[in-house]
2 protein chains.
Amino acid sequence: MTPQKPPATAEKLIDIAESLFAEKGFYGTSIRDLAEGIGIAKSSLLHHFPTKEKLYGAVLKKLADEMTHEVQGIREAFSDEKEQIFAFVQLLCNNSEKKPNRENIILRELLDNPKRAEKAKKWFFVDYFRELTGMIKSGQNQGMFKPVNPEIFILQLLGAHRYLIISLPTVKQFFDATIYQQILTDHRAELESFVKERLINEEGV
Amino acid sequence: MTPQKPPATAEKLIDIAESLFAEKGFYGTSIRDLAEGIGIAKSSLLHHFPTKEKLYGAVLKKLADEMTHEVQGIREAFSDEKEQIFAFVQLLCNNSEKKPNRENIILRELLDNPKRAEKAKKWFFVDYFRELTGMIKSGQNQGMFKPVNPEIFILQLLGAHRYLIISLPTVKQFFDATIYQQILTDHRAELESFVKERLINEEGV
DNA sequence: TTGACTGTCTACCGATCGGTCGGTAGGCTA
DNA sequence: TAGCCTACCGACCGATCGGTAGACAGTCAA
């Protein structure tokens with residue numbers, strides 16, 4: 001059913017599109033740039049993806065599927081919701097170092113989505129979002145988590161992380177003598193403290 | 001020194017540019033749209049701002065000046081840093097309801113700045129950022145605040161807020177029966193709790 | 001009255017945009 | 001061999017991009 005050997009060109013297009021859309025946004029990226037980026041003609045790109053929007057959608061879908069799958073993996077790997085949420089914080093931080101494009105595209109999509117959504121487009125990250133809020137609700141049902149609003153908590157957690165990540169290239173020059181890696185380490189510790197104090201129920205022995 | 005009566009057209013241009021750049025981004029907004037938006041010819045726009053970048057810069061500058069001034073106002077109005085930081089949280093939340101364009105432009109600028117900055121452009125929000133981290137450091141010197149990294153704390157606080165705000169138009173349809181205003185209220189309370197638990201030192205009587 | 005200046009206009013420019021078109025080379029199947 | 005399909009290409013399209021040139025009207029000071 002799934003094609004065993006997709007001719008690689010389409011995959012290469014999705015990869016280059018991910019990085020260029022992340023860097024310059026949808027309108028700031030031309031299909032000429034994308035085609036040249038992997039050394040094919042523009043019309044060849046349009047053979048694989050009939051419109052620029054379709055290619056953009058493919059990038060989002062791949063990204064959303066990966067992220068949803070990662071969260072599902074965490075939820076299956078740990079039965080304890082406390083372990084799940086801390087594992088998710090680790091995942092967030094690790095991914096930002098390994099795949100810095102992601103946060104940019106997600107932010108850009110959130111900014112552009114409202115007007116795109118008018119054209120009856122679906123939101124690719126709905127499963128990802130539901131998976132995360134589901135994790136919170138489940139922990140609350142177990143009595144492990146405080147009764148915060150799950151959606152708000154997740155958005156604040158994601159925001160605290162992603163905003164810092166996309167700000168770093170601009171802001172880091174103003175960090176007093178703090179080295180880059182130290183910022184990421186401290187940030188990770190701060191996120192954990194945030195989860196511990198705002199979400200985890202003290203077991204009170 | 002400051003022009004007593006700028007002919008209003010330039011101001012109208014900055015206003016329409018603020019909302020269109022917020023909505024569609026720099027590349028997604030054409031100077032034709034901007035000119036038509038206030039009913040003048042495109043070349044008339046270029047009379048006031050010789051390039052699109054200059055107009056964009058004027059928007060950023062106005063925004064950054066306003067925001068810096070607001071924070072300075074808070075710091076002068078309260079001598080107690082604890083009152084300052086909670087007043088700032090209120091300011092953040094109030095402004096997002098009154099001036100929703102702001103958060104969009106700031107986010108877009110952070111995303112686009114890294115490649116723009118290569119062209120030796122300055123960052124408009126540096127004073128705003130320094131004012132906020134200065135507030136944290138001052139509170140720490142008074143012993144009122146915990147010894148968190150001020151830059152990281154500010155970025156996480158701003159991120160938790162701004163990310164939620166820009167996500168709302170997309171995400172709100174997935175809030176179970178929660179009404180819009182309630183989300184904003186809960187969000188505000190959550191931000192306050194975050195500040196209280198992660199920043200404020202327990203005075204221990 | 002004249003001349004400089006300001007704000008606005010129409011007309012136009014070259015470059016680039018997303019997308020279409022006709023066609024070709026090569027592999028697979030009948 | 002014939003027919004078909006996939007991947008790719010260069011040439012081209014109308015539309016739009018940011019920006020320029022020049023004309024014209026109103027204002028104000030010399």
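Here is how names work: the chains are called A, B, and so on, in the same order as the sequence lines, proteins then strands, and each is numbered from 1.
- Which of D:dC9, C:dG7, C:dT20 sits closest to the side chain of A:Leu46 comes down to C:dT20.
- Heavy-atom minimum distance, B:Ile74 versus B:Gln84: CG2-O, 3.6 Å.
- The CD1-P distance, from A:Ile31 to D:dC9, rounds to 14 Å in whole Å.
- The aromatic ring centres of A:Phe153 and A:Phe194 sit less than 6.0 Å apart.
- A straight line from CZ of A:Phe49 to P of C:dT20 spans 16 Å, rounded to a whole angstrom.
- In summary, the side chains of A:Asn95 and A:Glu70 do present a donor paired with an acceptor at a separation below 3.5 Å, with no hydrogens or angles considered.
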Could I get a table of every N or O pair under 3.5 Å where one atom is in the protein and the other is in nucleotides 10-16 of chain C?
from: C:dT10; atom 1: O4; to: B:Ser43; atom 2: OG; distance (Å): 2.7

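- Between the NE2 atom of A:His48 and the P atom of D:dC5 there is a distance of 18 Å, rounded to whole Å.
- How far CD1 of A:Ile166 is from OH of B:Tyr163: 10.0 Å, rounded to the nearest 0.5 Å.
- No more than 12 heavy atoms of other residues, nucleotides or ligands shown are found within 6.0 angstrom of NZ on A:Lys61.
- Taking atom CD1 of residue A:Ile40 and atom C1' of nucleotide D:dC9, one finds them 10 Å apart after rounding to whole Å.
- Among residues two or more places apart in sequence or in another chain, the ring pair (Phe, Tyr, Trp, His ring centres under 6.0 Å) test is passed with A:Phe26 by A:Phe21, A:Tyr56.
- Contact between the side-chain N/O atoms of B:His47 and the OP1/OP2 oxygens of C:dC9 is not found at any separation under 4.0 Å.
- Note: CG (B:Asp33) to C1' (D:dC17) measures 11 Å, nearest angstrom.
- Rounding to whole angstrom units, OH of residue B:Tyr27 and C1' of C:dG18 are separated by 18 Å.
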